[in-house]
Visitor: 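Right, I'll just put the structure down here and ask away after.
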There are 2 protein chains.
Amino acid sequence: MCEAHAYLRLDDEDELFFENVDRVEPQDDCLVLENIFGQRKIIKARIKELALVDHKIILEKVEQEKKINN
Amino acid sequence: MCEAHAYLRLDDEDELFFENVDRVEPQDDCLVLENIFGQRKIIKARIKELALVDHKIILEKVEQEKKINN
């Protein structure tokens with residue numbers, strides 16, 4: 001099986017976000033990740049890098065726009 | 001080895017673009033793909049979908065802005 005693990009890139013480390021990921025589908029400013037068991041996670045992030053031989057998907061959070069209340 | 005093959009999604013089919021891809025790095029509106037032999041290809045596209053168990057990276061061309069000559 002050639003699934004990969006998804007990590008969230010923080011300032012000084014990569015934090016494990018989701019293991020055994022099979023599918024990734026970018027949607028607007030989100031990513032829908034599905035693991036080999038059919039479980040899903042959605043994250044407001046983009047793909048920073050794939051390193052498939054290392055089984056790594058590196059994600060980067062999308063900066064949230066600040067909402068201004070008038 | 002868990003590399004994948006990159007396909008370009010066209011209207012009615014997926015066209016093989018690059019085999020044995022190890023690394024993918026999005027840069028602005030381009031993707032830099034590197035295969036397991038260290039060869040690189042750059043394409044003006046985005047990731048449409050990953051299906052890692054199927055060894056597939058589906059790409060979608062980024063629409064080029066039309067240049068208007070004044």
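The basis for the numbers below is simple: all heavy atoms, side chains too, and nothing from hydrogens, waters or symmetry mates. By convention in this document, chain letters (A, B, ...) are assigned in the order of the sequence lines, proteins followed by strands, and residues within each chain are numbered from 1.
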Visitor: Measure the shortest side-chain to side-chain distance between I43(B) and F17(B) over non-hydrogen atoms and say whether it is less than 4.5 angstrom.
Guide: yes
Visitor: Is it the side chain or the backbone of L31(A) that comes within 4.5 Å of chain B heavy atoms, both, or neither?
Guide: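 L31(A) has no heavy atom closer than 4.5 Å to chain B.
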Visitor: Looking at D54(B), V53(B), L52(B), which has the largest count of heavy-atom pairs under 4.5 Å with chain A?
Guide: L52(B)
Visitor: Using a 4.5 Å cut-off on heavy atoms from C-beta on, say whether the side chain of V21(A) contacts that of H5(A).
Guide: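 The answer is no, as the side chains (C-beta and beyond) never meet within the 4.5 Å cut-off.
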Visitor: In the structure I gave you, are the side-chain heavy atoms of I57(A) and F18(A) within less than 4.5 Å of one another anywhere?
Guide: no
Visitor: With chain A, which of E34(B), R46(B), E3(B), K48(B) has the greatest number of heavy-atom pairs at distances under 4.5 Å?
Guide: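 The option with the most such pairs is K48(B).
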Visitor: If I measure from the heavy atoms of chain A, does I36(B) come under 4.5 Å with its side chain, its backbone, both, or neither?
Guide: side chain
Visitor: Can you confirm whether N35(B) sits close enough to D22(B) that some side-chain heavy atom of one is under 4.5 Å from a side-chain heavy atom of the other?
Guide: no
